[in-house]
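Note that this is a predicted model, so its numbers are computed, not measured.
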Amino acid sequence: MFKKILLFLLFCTVTLQAAVALTNDKQKYDNFSIQYFYDENNMLDINDIEKTHFTNSIPSQFSQGYYSGTAWFKINITNHSDHKDFVLYFTEPFWSKLDLYTKNNGSWNVQKNGLEVSLQERSIQENNPSYKLHLNSGESVTYYIKGQTLSGHIGEFQIFTQKEFFRPSRISITDKYIIYMSLLFIIIILNIYNLIVIKDRIFAYYIAYILSFIVFICMKSGFYLSLGFSGWSEGLHVVGTFVVLFLVLFSGRFLELNKRMPLVYKIFNLSAVIFILFALLISQNIPYSCLLFNIYSSLFFTILLLVAIKVWYQGLISARYYLIALMIYMPTMGLMTLTFNGILDNTDLSRYSFLLGSFIEIIFFSLLLTNKYHEAILHKIHIRDQLLKAKNYNENFLKSKIEQNTSELITINEKLLKKTEELEITKDQLTQDINERIKAEYEVRKQKSILHYQAHHDALTGLPNRTLFSIRLKEGIQIAQQQQSQLALFFIDLDKFKEINDSLGHDVGDRVLKIVADILKHSIRREDTLARLAGDEFTIIMEHLKYPKDASKLGHDILNMFAEPIHVDGHTVYITCSIGISFFPQDADNEKDLLKYADTAMYIAKESGRNNFQFYRPEMTKLALEQIKMKTSLRQAIDNEEFLIHYQPQIDLTSNKLVGIEALVRWQHPEKGLLTPKRFISLAEETGMIVEIDQWVMHTTMKQVRKWYNEGLNPGILALNISMKQLESSNFINNIQKNMKTYGFKPEWLELEITEGHMMKNAMEIIDKLKQISNLGINIAIDDFGTGYSSLSLLKRLPINRLKIDKSFIEDIPEDEEDIAIINSIIALAKSLNLELIAEGIETLEQVNFLMSKNCMCIQGHYCFYPLSDEELHSILLKEKIVNKL
C-alpha cells in the first residue's frame with residue numbers, strides 16, 4: 001500500500017508542470033523593455049544613473065552573477081490597456097537590496113525590497129520582490145531598480161494588474177510550491193509512522209532531511225522564514241547546509257557504513273561537522289562562504305556516489321536504488337547551482353529541474369525506507385512463524401514422550417513406593433541428625449564470633465584493645481595517605497589512678513575505668529576510634545582531620561568532661577588525665593612512631609602539672625629520654641644510697657632558741673650534682689619510689705636525732721614530710737613503730753607533716769589512720785596551710801597539733817593587705833581550735849616583726865637558718881648546749 005501511495009505522488013510530480021501550462025491563461029503584460037548597467041565600485045547614485053546611457057538590453061527573464069558592486073535596471077513601460085494600477089513582480093527573492101525608483105514632480109520616490117528590508121517595510125509584504133505601479137492608459141514611464149547581492153541570481157520580471165496579482169485566476173508559482181510541499185508533508189507523515197513502528201534512527205534523519213528541504217523551498221518561493229532570528233538575511237543558504245547535513249547522516253546510516261566502511265563512516269561524521277561550520281559562516285555573511293560550500297558539496301556528493309557504488313558491489317541490494325535516486329538528484333542540483341551562480345541561462349528547465357529531481361529522489365528514498373519497513377515486519381512475522389512451528393513440533397514430540405515415559409513412571413513409581421517406606425523409617429533419624437548438626441554449626445560460628453570479639457576487645461570496657469587499635473591505626477594511615485588528609489592520635493593516661501586502686505580497691509578502680517570509657521565515648525565523633533591499651537591508658541584515633549584546631553577542641557572537651565567528680569559505691573572520686581597528641585603525617589608516617597610520639601607528649605603533659613594536653617614536638621623526644629634516664633638514675637640512687645639529709649631549724653622567737661628541725665632530702669647526683677626535691681620528688685611519686693625514699697628518710701633521721709639526744713644535745717622535734725602513697729601504705733604505722741623501737745626514738749620527738757591539698761582529696765579515708773598515729777603520741781601538722789581550702793568542720797575532726805603557714809602568704813608581708821588578712825584568719829583559726837602555729841619561708845626582719853606582733857612566735861626560713869648538713873647542725877647544737885650551761 002505504501003509503495004502505491006508513493007508511486008502516485010511521483011506521478012503527480014511529473015505531470016504538475018503540464019497541468020499548469022494547460023490552465024495558464026495569459027494574464028501578464030509584456031509591453032516593457034529592460035536595460036541594465038553594472039556599477040562595479042558602488043560609486044553612483046540615482047541622480048548619476050539617470051544621466052547614464054544604458055546600452056545593454058536584457059530579456060525579462062535573465063541570468064546574471066553579481067558578487068560585488070551594484071546592478072542598475074532601467075525599465076521602460078508603455079500602458080496599452082485600460083487598466084491603471086499594476087504590480088511589477090520579480091520572481092527572484094534573494095537580493096540583499098532591490099529598490100525601485102520612480103520620479104514624480106522632479107523628486108525620486110523609493111519602494112524598498114530585498115533581504116535587508118523587513119517584511120513590514122517592503123513595498124508589498126510577504127512575497128517576492130514586488131512594486132506597485134500607477135500608469136494611465138497610453139502613458140509611458142521609466143523606472144530604475146538598484147540591486148545588490150553577494151551571489152549569482154536568476155530571475156524574471158513580470159507585470160500584472162493589481163487585481164490579477166492579488167486575486168489570480170490561474171495557478172501561480174506559489175501555488176505550485178504549496179502543492180509541492182503538501183506532497184512532501186504526506187511523505188513525512190508516512191515516515192513518522194515507520195519511525196514509531198520500526199524505531200530506527202534512519203527515519204528520524206530522513207524526516208529531518210525532508211523538513212529542512214521544505215523550509216528551503218518555502219524560503220526559495222518567497223516566504224522569508226526568520227526562524228526566530230532577527231536579521232536572518234542568508235537564511236536560505238543556511239537551511240541549504242542543513243539539507244545537505246541531514247542527507248549525509250541519512251546516507252551514512254542507510255548504506256550501513258559503520259559496519260561496512262568504518263573509516264568512511266568517520267569521514268561522513270566529520271563532514272557533518274564541516275557542514276555545521278559552513279552554516280555558521282554563511283549566517284555571519286562571511287564572503288565566499290556560499291561558494292566554498294558549493295565546491296565542498298560537489299566534492300562530497302562525488303565521494304558519496306563512489307561509496308554507494310562500492311556498497312552496492314558489497315551486496316547491499318537497496319544501494320542500487322539509492323544510486324538511481326542520487327544520479328537523478330545530482331545533475332539537477334548541479335544545474336541549479338550553475339544557473340544560480342550565473343554560469344547558465346535562466347530557463348524553466350534550469351529553474352524547476354532541481355525541485356523535480358529532489359522530489360523524485362525523496363520518493364525513491366521513501367520507497368527504499370518503506371521496503372525496509374516491510375522487511376522488518378516480514379522478519380518479525382518469520383520469527384513468529386518459526387516460533388509457532390517450533391511450538392507445534394515440541395507439543396507433538398512432548399506428547400509422544402509423555403506417553404512413552406508414563407508407563408516407565410508407573411513402574412518406577414511402584415519401586416519408589418517401596419523405597420519411600422524404607423526412607424520414612426530413616427527420615428526421623430536423618431532429621432534429628434541434621435538438626436543436631438545445624439545446632440553444632442551455629443554454636444561453632446557463635447563461639448568463633450565470641451573468640452574473635454574477645455581477641456580484639458577489652459574485657460572490662462568493651463573497647464577495642466591494643467590488637468584492634470593497631471589494625472585501625474594502620475588502616476587510618478593508609479586512608480589518610482590515599483586522601484592526602486591528616487590524622488591525630490591521642491594518648492590518654494589517668495592521673496594518679498594507682499592511688500584509687502590502692503586506697504579504694506581494684507573493684508572500685510574497674511568501675512571507674514568503665515565510667516571513664518563512657519565519658520570518652522561521648523566526647524568523640526562517630527568515625528573516631530577509642531581504644532584501651534592497658535591499665536588506665538586510652539587512645540583515640542581521630543581520622544579525616546581538616547584542621548589541627550579540631551584536635552585541640554577535642555582535647556579541651558575531654559578535660560572539661562573530667563571536671564565533674566565520679567561517684568562510685570558511695571565514694572566521690574576526682575579524676576584528671578594527661579593527654580599527648582601526635583599528627584600524621586607531620587610528626588610520623590608510621591603507626592609505631594606515631595604512638596611513641598603521642599606517648600612522649602603525654603609524658604610531657606604529666607611533667608607540666610597533669611590535667612592538660614600537649615602536642616608532640618621533636619624536642620620532646622630528647623626530654624623524654626632524659627626523664628627515662630632520670631628514672632633509671634633514681635632507681636640507682638636508692639640502691640647506691642646517693643640521698644642525703646639537710647635539716648632546717650625551727651626557732652621560737654620568745655626564747656630565740658631552736659625548738660625543732662625539718663628533715664629535707666637531697667640527691668647527690670653523680671653527674672648533675674646536688675638536686676633539690678623539686679627535681680625528683682614528682683618523678684619518685686609517679687614511679688612509686690617515693691615510698692622507699694620516705695622510709696629511708698625516716699629511719700636515717702630517727703637514727704641521727706637519737707644519736708644527738710644520746711650526746712646530750714637538744715634538736716627538738718623532728719618534722720618529717722610524708723607522701724600520700726606512704727600514708728596510704730598498709731605497713732606505714734608498723735614501719736613507724738618498728739623504727740621507733742629500733743632506735744629508741746620517743747613519740748614526742750616526732751612530728752609528721754601532711755600537705756593540705758593531699759589531705760582534702762581523700763579526707764575521710766585518712767582520718768582513721770591519722771588518729772591511729774596520734775594515739776601513738778606522735779604530733780601531726782598540716783603543711784602549706786591556706787592553699788587547700790580546708791573546711792572548719794574537717795579541721796575539727798582531724799587529730800592535728802599544729803598548722804604550718806605556707807610561705808606564699810609570707811613573701812609579700814607586711815605590704816600585701818590580702819596576705820595579711822589571710823594570715824590573720826589562720827592565726828585566729830588556730831587560736832579557736834587550740835592549735836600551735838609555725839610560719840615557713842621567713843627571710844626578712846620585717847616579716848619577723850609582723851609575725852611577732854600577731855603572736856606567731858615559731859618560725860622557719862632563711863632569716864634564721866638555711867638547710868644544714870648534719871655536721872653543720874651538730875655544731876650549732878653543741879653551741880646551744882654550751883650557752884645553756886652558762
How long is the span from the [atom1] atom in [X] to the [atom2] atom in [Y], to the nearest 0.5 Å?
X    : Y    : atom1 : atom2 : answer
L281 : I276 : CG    : CD1   : 12.0 Å
L100 : K146 : CG    : NZ    : 13.5 Å
I210 : F250 : CD1   : CZ    : 8.5 Å
W72  : D99  : CH2   : CG    : 8.5 Å
D45  : D39  : CG    : CG    : 9.5 Å
N269 : N258 : CG    : CG    : 9.0 Å

Minimum heavy-atom distance [X]-[Y], with the two atoms named:
X    : Y    : value
F37  : L44  : CE2-CD1, 3.6 Å
P129 : Y131 : CB-OH, 4.2 Å
G147 : L98  : CA-CD1, 3.7 Å
I124 : S130 : CD1-CB, 3.7 Å

### Query
Is D82 atom CG crowded by more than 12 heavy atoms from other residues, nucleotides or ligands, each under 6.0 Å away?
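Open.
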
#### Entry: Other residues, nucleotides, ligands: >12 heavy atoms within 6.0 Å of K84 NZ
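No, not enclosed.
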
### Message
Run the side-chain contact (heavy atoms from CB on, under 4.5 Å) test on V244 and F278 for me, step by step, so that the C-alpha distance in whole Å, both residues' side-chain angles and the decisive distance to 0.1 Å come before the verdict.
### Response
CA-CA 11 Å; V244 180; F278 273 125; over 6 Å; no

Taking the side chain as every heavy atom from C-beta outward, state whether [X] and [Y] have any pair of such atoms under 4.5 Å apart.
X    : Y    : answer
S251 : Y205 : no
E50  : W108 : yes
L257 : V311 : yes
F86  : I77  : no
I145 : I75  : yes
F275 : F293 : yes
I49  : T52  : yes

#### Entry: Centroid-centroid distance, F300 to F268, less than 6.0 Å
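Yes - the distance between ring centres of F300 and F268 falls below the 6.0 Å cut-off.
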
### Task
Compute the ring centroids of Y143 and F73, then answer whether they are less than 6.0 Å apart.
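They do not qualify: ring centres at least 6.0 Å apart.
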
### Message
Is the ring pair F54/Y144 parallel, tilted or perpendicular, if the boundaries are 30 and 60 degrees?
### Response
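F54 vs Y144 ring planes: tilted.
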
### Criterion side-chain hydrogen bond (donor to acceptor under 3.5 Å, both in side chains) against H134, the qualifying member of T102, N104, D85
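Of the listed options, the one satisfying the test is D85.
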
### Task
Give the C-alpha distance, both sets of side-chain angles, the deciding distance and a yes or no for side-chain contact (heavy atoms from CB on, under 4.5 Å) between V264 and K310.
CA-CA 12 Å; V264 176; K310 184 172 181 180; over 6 Å; no

### Query
Is a side-chain N or O of S137 found less than 3.5 angstrom from the main chain of S81, in a donor-acceptor match?
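At least one qualifying donor-acceptor pair exists.
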
### Message
Quick one: does any side-chain atom of N79 pair with a main-chain N or O of H83 as donor and acceptor, under 3.5 Å?
### Response
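Indeed, once roles are kept as given, a pair shorter than 3.5 Å links the two residues.
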
### Task
Verify the distance criterion only: is there a donor paired with an acceptor across the side chains of S123 and N113 at less than 3.5 Å?
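No - no donor-acceptor pair under 3.5 Å links their side chains.
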
### Message
Would you say T142 and N76 are linked by a side-chain donor-acceptor pair, where the criterion is simply a distance under 3.5 Å?
### Response
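Yes, a side-chain donor-acceptor pair sits under 3.5 Å.
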
### Task
Go through the steps to decide whether S271 and Y296 satisfy the test side-chain contact (heavy atoms from CB on, under 4.5 Å), and finish with yes or no.
CA-CA 9 Å; S271 296; Y296 186 80; 3.1 Å; yes

### Task
Using the side-chain contact (heavy atoms from CB on, under 4.5 Å) rule, take L245 and T241 through it: C-alpha gap first, then chi angles, then the decisive distance, then the call.
CA-CA 6 Å; L245 166 66; T241 61; over 6 Å; no

